[in-house]
Amino acid sequence: MKVAVCSTQPYDRESLQAANAAFGQQLVFFEERLSTKTIALFAGYPVLCAFVNDRLDAEVLQALSDQGLRLVALRCAGFNNVDIEATQRLGICVARVPAYSPHSVAEHTLALMLALNRKTHRAYNRIRDGNFSLHGLLGFELSGRTVGIIGTGRIGQAVAEILRGFGCNLLAYDIAQNPACSALGVNYVGLDALYRDSDIITLHCPLNQQTRHLIDAAALARMRRGVMLLNTSRGAVVDTAAVIGALKSGQVGYLGMDVYEQEGDLFFRNLSEQVIQDDIFERLLTFPNVLITGHQGFFTTEALASIAATTLENIRNFEQGGQCQNEVTRALLR
Ligand code: NAD
């Protein structure tokens, strides 16, 4: 099938082309992101291969459907950027890659946690500047600390497995308990108890109507003073303005983010020659206890190969049967 690949980076092209040797799809690569402004570029393709910041809202979908779009093959797990109601109304199938090495994101979460705690990002710069003072680099032992995990699906479980090895006490909140986590000794509690008792809180739930701004000013106020907050799920699970307030007051002691509410205007591009217009993001960069990465949790060789293979498998399933395993159905819209 003719597949328009949106938001292509060189590594996407490489991994999709390598995997496509076994599938033989006609892949047409575009660097542009899909939005109302770029619809015309992507018109006329039966399949769109989209990523996290391509905007597939009702207007975009209607226009592309009129031009023959039948399948949106997301090369990611989250689907919050797609108006699923609109795709169902228009008869467009949406498939995703529900699981591709949850360890990639889990390990990146640990990288943020360890760096923030032991301040390796600051130590790196200090040593290069000939400053060998330890002042301000004091950390704490993870062993014996309590970590609260919100969302214990594939990634949350992988985080729990790693943290168990560090000797952490594990609390969790999820709308559905994962028996594998319970078997690890994870203690499921309500959000109030998780906020109250956790030294570190890490987010691994999807972005949906229930979780949008789950971490708002009220939630932050219920957390332990000086809590470490980690978000590698989706930016809008956290109310960024509220978290800036909590960083200023010291209520949040550390913030690690791989995702950001307005990341669509920033991430995956080199903007180093431009003046960044997002004042909220720029304010975050001024805190010494904030560590931000640009949505790279998924970015490992293993995950890229797995994403490419599953995406192409989804397209082949659709081509052969008009249906897809890994279809985003209404049941997933909780
Ligand atoms: P998953 O579907 O396996 O697990 C999600 C878990 O969240 C499930 O257990 C679900 O019951 C739970 N959940 C749903 N609604 C909830 C709510 N209201 N409160 C608490 N828990 C709730 O998904 P996953 O593979 O573990 O991925 C989790 C999220 O990580 C994805 O939705 C995606 O947004 C994000 N992600 C980020 C990256 C990255 O590069 N940073 C990569 C992949 C996925």
Side-chain angles (χ1 to χ4, degrees), residues 7 9 11-12 50-54 74-82 84 94 96-113 148-162 170-182 184 186 188-195 198 201-216 219 230-238 256-261 263-264 266-268 291-304 306-307 310-311 326-329 331-334:
S7 301
Q9 298 286 346
Y11 47 80
D12 295 315
F51 195 49
V52 293
N53 291 324
D54 290 304
L74 294 168
R75 52 181 196 278
C76 53
F79 48 87
N80 52 285
N81 53 332
V82 184
I84 297 297
V94 180
R96 65 179 183 138
V97 183
Y100 54 87
S101 182
H103 304 290
S104 300
V105 185
E107 289 171 15
H108 189 71
T109 306
L110 261 292
L112 291 176
M113 188 185 294
I149 304 171
I150 299 183
T152 52
R154 298 173 190 89
I155 296 170
Q157 180 186 327
V159 167
E161 285 164 357
I162 298 170
L170 300 176
L171 301 179
Y173 171 77
D174 196 310
I175 51 169
Q177 297 192 6
N178 176 345
C181 285
S182 303
L184 276 173
V186 173
Y188 280 93
V189 294
L191 275 177
D192 267 332
L194 185 144
Y195 292 153
S198 300
I201 295 176
T202 183
L203 307 175
H204 302 290
C205 54
L207 173 61
N208 56 32
Q209 279 173 8
Q210 285 73 49
T211 62
R212 182 173 296 276
H213 284 192
L214 178 73
I215 307 300
D216 59 7
L230 300 162
N231 186 11
T232 60
S233 62
R234 282 292 181 268
V237 176
V238 174
M257 336 182 335
D258 185 47
V259 287
Y260 169 58
E261 272 188 286
E263 69 176 50
L266 300 173
F267 287 4
F268 306 121
L291 182 52
I292 305 176
T293 52
H295 208 138
Q296 68 175 83
F298 73 99
F299 198 50
T300 63
T301 46
E302 292 83 353
L304 284 185
S306 171
I307 288 168
T310 305
T311 302
N326 300 327
E327 184 171 348
V328 178
T329 57
L332 288 169
L333 300 175
R334 282 180 297 200

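Since we're looking at a predicted model, the values are computed, not measured. As a basis for the values below, the full set of heavy atoms in this structure was taken, side chains included, without hydrogen atoms, waters or symmetry mates. We count ligands from 1, going down the list as the structure has it; atoms in each ligand are counted the same way. Numbering of residues begins at 1 and proceeds along the displayed sequence.
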**OP:** Considering the heavy atoms of Asp258, write down every atom of ligand 1 situated less than 4.0 Å from one of them.
**Re:** 39 (C), 40 (O), 41 (N)
Original post:
Which of the atoms of ligand 1 are close to Tyr173, meaning less than 4.0 Å from one of its heavy atoms?
Top reply: 19 (N), 20 (C)
Subject >> Check: Thr202/Thr109 side-chain N/O donor and acceptor closer than 3.5 Å >> reply: no
Subject >> Side chain proximity check, Tyr100 to Thr310, heavy atoms < 4.5 angstrom >> reply: no
Original post:
Which of the numbered atoms in ligand 1 are below 4.0 angstrom from a heavy atom of Gly297?
Top reply: 40 (O)
Subject >> Pairwise side-chain contact, Leu214 with Ile150, heavy-atom cut-off 4.5 Å (strictly under) >> reply: yes
Subject >> Where Ser233 and Val259 come nearest, the two heavy atoms and their spacing >> reply: O-CG1, 3.6 Å
Subject >> Closest contact, heavy atoms only, Phe268 versus Gln9 >> reply: O-NE2, 2.7 Å
Original post:
Out of Thr211, Asn231, Ile150, whose heavy atom is nearest to atom 17 (C) of ligand 1?
Top reply: Thr211
Subject >> Tyr100 heavy atom under 4.0 Å from ligand 1 >> reply: yes
Original post:
Which ligand 1 atoms, with their elements, are less than 4.0 angstrom from a heavy-atom of Val105?
Top reply: 38 (C), 42 (C), 43 (C)
Original post:
Between Arg154 and ligand 1, does any nitrogen or oxygen pair lie at a separation below 3.5 Å?
Top reply: yes
**OP:** Examine the side chains of His213 and Glu261 and answer whether a donor and an acceptor come within less than 3.5 Å of each other.
**Re:** yes
**OP:** Nearest heavy atom to atom 29 (C) of ligand 1 wins, so pick from Cys205, Ala77, Pro102.
**Re:** Cys205
Original post:
Under 4.0 Å from ligand 1, counting heavy atoms only, is it the side chain of His295, its backbone, both or neither?
Top reply: side chain
Original post:
For Gln210, is at least one N or O under 3.5 Å away from an N or O on ligand 1?
Top reply: no
Original post:
Based purely on interatomic distance, does Phe298 place a nitrogen or oxygen under 3.5 Å from a nitrogen or oxygen of ligand 1?
Top reply: yes
Subject >> Per-residue contact class, Leu207 against ligand 1 - non-hydrogen pairs under 4.0 Å >> reply: neither
Original post:
Got a second to check how far Gln157's CD is from Asp174's CG, nearest 0.5 Å?
Top reply: 11.5 Å
Subject >> Contact check, side chains of Phe298 and Val52, non-hydrogen atoms, under 4.5 Å >> reply: no
Subject >> ligand 1 to Ile155 polar contact by distance, N or O atoms, under 3.5 Å >> reply: yes
**OP:** Report the member of Ala303, Ser101, Gly153, Pro206 with the shortest heavy-atom distance to atom 7 (O) of ligand 1.
**Re:** Pro206
Subject >> Side-chain donor-acceptor contact under 3.5 Å, His108 with Thr293 >> reply: yes
